[in-house]
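Reading through the structure tokens given below for one structure.
Both ligands and their constituent atoms are indexed starting at 1 by order of listing. Residues: numbered from 1 along the sequence shown. These numbers were taken from a predicted model, which means no experiment stands behind them.
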Amino acid sequence: MIILMQPKATAKQVADIIAQVEADGYHPHLNEGENAKIIGVVGESPTPFNTAKYESMAGVANVRRINTPYKLASRELHPKDTLVPLKGNMVGGKKLFLIAGPCSVESREQIIETAHAVKEAGAMALRGGAFKPRTSPYSFQGHGEKGLQWLAEAREATGLPIVTEVMDSALVPMVCQYADVLQIGARNMQNFALLNAVGESQHPVLLKRGMSSTIEDLLMSAEYILAHGNNRVMLCERGIRTFEKYTRNTLDINAVPVLKHRTHLPIFIDPSHGVGYSEYVPAIGYAGVAAGADGVIIEAHLDPENAMSDGRQSLTPHALKNMMETIRKIAGALGREA
Ligand code: PEP
Ligand code: MN
């Protein structure tokens, strides 16, 4: 439910409503709307929600149902864009946030050298997987904690915050020691124990859309993280499976404006996994930015042909730099910065 307060409602009136919501056994969430405060009421309680009682309380303008199954993720409850602070940047604001790096952390030297290269190309954060969700159990699975330590060294060397995947809820505390952003991969988008675990941390989370998940599924997964008390959630469209065979996935450009309309959370696109071939990555990245994405995450490798994973879709630092320059122009044309 949404309790919309009158524009002139006092702090005491807001506090009284929140206390009543808690007394009735629900969870209140206070948000600022354009002109007035909004109190979201979520959760289950044996006490039926009494709309008339709340409507008669001082300072209340109206009470209505949230029309979507996701509540905390919805624009209805939270009209303003959420900004996620990340090392001096505000993700989701006017400035686009650009993340780049290899698919996998391969060695200490590789990740430190790549970190310098992507920073030089304009990246604002370094990506790199230490735990890799591979289709085959015989493919490289990542260097684990050693890879995280190398990522931390790369951050030390360049100042770039680290985005890295966590695949197991038991490992969330350990990954939090090294990472600035916890990536939830497409294959784990509906690993609810993992969503709950990252929801209990206060680390920013980059939640990637499952390859066979709807936009609503993605928002419901975000809801798990939000409902566990972590509101630093960023969503990522990374391509879905279609019948098309000339690309690895199909980046669902539609998802960008639809998500911007339905949720207040920042939206990223991943053109690398979205299309799967480095020669198409820039065009798809530009399309995503033009569609309104708040950020882009791109795979880049010093030597794509010899990458341990996803080399076919990885840009060289030179190609990354060119791509970022064009992104900057597109951002400018849209009244944004990069
Ligand atoms: C990745 O970012 O390298 C990755 C495995 O992505 P996804 O989960 O989107 O496949
Ligand atoms: Mn990858």
Practice item. Using the six-membered ring wherever Trp is involved, compare the ring planes of His228 and Tyr224 and label them parallel, tilted or perpendicular (cut-offs 30° and 60°). Key: parallel
Per-atom filter on ligand 1: closer than 4.0 angstrom to a heavy atom of Arg187 are 7 (P), 8 (O), 10 (O)
- [ ] Take every heavy atom of Arg127, measure it against each atom of ligand 1, and state whether any distance is under 4.0 Å.
- [x] yes
A student checking ligand 1 against Lys208 at a 4.0 Å heavy-atom cut-off should list atoms 1 (C), 2 (O), 4 (C), 6 (O), 7 (P), 9 (O)
Would you say the side chains of Gln20 and Asp24 form a donor-acceptor pair under 3.5 Å? yes
Ligand 1 atoms nearer than 4.0 angstrom to some heavy atom of Gly185 are 8 (O)
Output for pair (Asp294 CG, Lys260 NZ), nearest 0.5 Å, gives 3.5 Å
Lys132-ligand 1 polar pair, N/O distance under 3.5 Å = yes
Requested in this report: May I ask you to say whether Arg134 pairs ionically with Asp310, meaning some side-chain N is under 4.0 Å from a carboxylate O?
Outcome: no
Ranked by distance from atom 8 (O) of ligand 1, the top protein heavy atom is Ala186 N, 2.7 Å
Over 60° means perpendicular and under 30° means parallel, so classify the ring planes of Tyr54 and Phe49, tilted if in between. parallel
The answer for which part of Met211 has a heavy atom under 4.0 Å from ligand 1 is neither
Over 60° means perpendicular and under 30° means parallel, so classify the ring planes of Phe268 and Phe97, tilted if in between. perpendicular
So the angle subtended at the Mn ion (ligand 2) by Cys103 atom SG and Asp310 atom OD2, rounded to 10 degrees, is 90°
Ranked by distance from atom 4 (C) of ligand 1, the top protein heavy atom is His273 NE2, 3.4 Å
Near Glu299 (heavy-atom distance under 4.0 Å), the atoms of ligand 1 are 1 (C), 3 (O)
- Go through the side-chain N and O atoms of Tyr178 and Arg155 and say whether any donor and acceptor fall under 3.5 Å apart. no
query = Does ligand 1 have an atom under 4.0 Å from some heavy atom of Cys103?
reply = yes
So the atoms of ligand 1 within less than 4.0 Å of a heavy atom of Arg238 turn out to be 7 (P), 9 (O), 10 (O)
Per residue Glu299, nearest N, O or S atom to the Mn ion (ligand 2) is named OE2
Notebook entry, point to check: Do Glu76 and Lys71 sit within salt-bridge range, that is, some charged N less than 4.0 Å from a carboxylate O?
Noted result: no
Margin query: Does the plane of the ring in His78 sit parallel, tilted or perpendicular to the ring in His264? Use 30° and 60° as the thresholds.
Written below: parallel
